[in-house]
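Below is one structure, written out as structure tokens; the observations come after it.
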2 protein chains.
Amino acid sequence: MKARLNASRDRIVAAALGIMAEQGYAGCSVAAVAERAGMATGSVYRHFPTKADLFAEVFRIASQREVDAVARAAALEATMADRIAAVIETFAGRAWKSPRLAYALLAEPVDPAVDAERLVFRRAYAKVIAGHVAEGVANGEVPAQNPELTATALVGALGEAMVGPLAAGVAGPDTIPGLITFAHRALGVST
Amino acid sequence: MKARLNASRDRIVAAALGIMAEQGYAGCSVAAVAERAGMATGSVYRHFPTKADLFAEVFRIASQREVDAVARAAALEATMADRIAAVIETFAGRAWKSPRLAYALLAEPVDPAVDAERLVFRRAYAKVIAGHVAEGVANGEVPAQNPELTATALVGALGEAMVGPLAAGVAGPDTIPGLITFAHRALGVST
DNA sequence: ACAAGAAGTGAACCAGGATTCAAACCTTGA
DNA sequence: TCAAGGTTTGAATCCTGGTTCACTTCTTGT
């Protein structure tokens, strides 16, 4: 039955996500994933041709979840300044709640094939931000600029500012407001 | 003789740097390094206990070189705005001249032990920038802010904006001026 | 109920590259 | 010149973890 088959596949992905959130990519041997999914190592290969394929999908799903959350939070706000603030708060807040997962998605060493998925992830964030920036430029909230470049730079800034604290396990309480101020200034929001 | 011994060690480091610049960390098997240094594989272990130790040192040296170049360029300028511009131009210009090396230093997957060295590298950049920011705050060139946070965010922004082009092999001609504008605005330089 | 085929099993296999080590080779000092 | 101590060699070894595959177990259709 196909239901069973799909269920197995889902169990594998869920197990991989679970281990990523607890121990990062480092803990994700195929054997560990299979065990957590309640099946034999070899069975994983009934559903995914290689480990890299499996984790490309896992990264895609996890990333999409993050990007969606950020996009959704931003959509609730009225001004561009508030949208950007919402992006940062959501991004950083979620990262802070699942630090191991956030580290895995952002910076942990992984297979090159999986790494490629990370570029997509970052570009997706950049795209969301770029949309808001373009809008802000169009209606005069911020000065003319290349929304792509600004967005890419902001994604880098957010990531870098979070990786340190995530690795260290501590974040200054003013990190998030500080980043919001930084972003607003970088965009040229008139204050 | 000790001179010979030191010379061997230097040859190893130089060979590793050379291969990194040409083929990235991926090409840096111990055997390849040894061959380029003109010695047997095993001899490398006369000078470094493990491969990770060797590359920690290699990363440290290469990073120091980069950070020094940036710091030196910045020191030549008079205003904080110009110093920051010099940082960005030097960083991006050098990365663009040795893209494979820059990619290896910035983003290529490496041993966790070597990865740790990367954090030091980024923090060193941040420290240089933070110094200029603090100075700018002190003499009123820019508004009050946390220089550490601003600097970290800028390092992330620069890295992110360069990794894409480095991987793709193309950079828009307005990337560097765009980044300078971004940085100046983010700092709050009065224009 | 039974045959055909799919799904699951997990121990064995394999690849790639770091690391070791016993033998061969210098260099130095008497 | 010779012996002792240190250095160099590079093929053999080891390790890790992804991948395979011959076999068993289940599901489905007649």
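Order of the sequence lines fixes the chain letters, A, B, ..., with proteins taken first and strands second; residue numbering starts at 1 for each chain.
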*To the nearest angstrom, how far is A:Arg11 atom CZ from C:dG8 atom P?*
8 Å
_With side chain to side chain contact (heavy atoms under 4.5 Å, CB included) as the test, pick out the partner of A:Asp68 among A:Gln64, A:Arg65, A:Glu66._
A:Gln64
*Can you check the A:Arg9 CZ to C:dA7 C1' distance for me, whole Å?*
15 Å
*For B:Lys51 and for B:Ser43, locate the closest nucleotide of DNA chain C by heavy-atom distance; then report the residue assigned to the nucleotide nearer the 5' terminus.*
B:Lys51
*Interatomic distance, A:Met39 CE vs D:dT19 P [rounded to whole Å]*: 17 Å
*Nucleotide D:dG17, atom C1' - distance to OH of A:Tyr25 in whole Å*: 11 Å
*State which of D:dT7, C:dT19, C:dG8 makes the closest approach to the side chain of A:Arg46.*
C:dG8
*Hey, does the side chain of B:Thr41 come within less than 4.0 Å of D:dG10's phosphate (OP1/OP2), counting only N and O?*
no
*Choosing from C:dA18, D:dT9, C:dG10, which nucleotide comes nearest the side chain of A:Ala40?*
C:dG10
*Find out whether B:Glu117 and B:Glu57 are in side-chain contact, i.e. whether some heavy atom of one side chain is under 4.5 Å from a heavy atom of the other.*
no
_B:Ser29, nearest nucleotide to its side chain (from D:dG18, D:dA22, C:dA18)_ = C:dA18
_Nucleotide of C:dA18, D:dT9, D:dT19 approaching B:Tyr45 most closely (side-chain heavy atoms)_ = C:dA18
*Nearest-Å distance, CZ (B:Phe55) to P (C:dT19)?*
11 Å
*Return the value, rounded to whole Å, for the distance between atom CD1 of A:Ile12 and atom P of C:dG8.*
8 Å
*Quick one: B:Asp111 CG to D:dC15 C1', roughly how many Å, whole number?*
15 Å
*asked:* Checking contacts here: which listed nucleotide (C:dG8, D:dG18, C:dT19) is nearest the side-chain heavy atoms of B:Thr50?
replied: C:dT19
*Given atom CD of A:Glu35 and atom C1' of D:dG17, what is their separation to the nearest angstrom?*
15 Å
*asked:* A side-chain contact here means heavy atoms from C-beta on lying under 4.5 Å apart; do B:Met162 and B:Phe91 qualify?
replied: yes
*Of all residues at least two apart in sequence or in a different chain, which pass the salt bridge (Lys or Arg N to Asp or Glu O under 4.0 Å) check with B:Glu135?*
B:Arg83
_Walk me through whether A:Gln145 and B:Phe182 qualify under side-chain contact (heavy atoms from CB on, under 4.5 Å)._
CA-CA 9 Å; A:Gln145 59 195 285; B:Phe182 175 93; 5.7 Å; no
*Tell me whether the OP1 or OP2 atom of C:dG8 has a side-chain N or O from A:His47 closer than 4.0 Å.*
yes
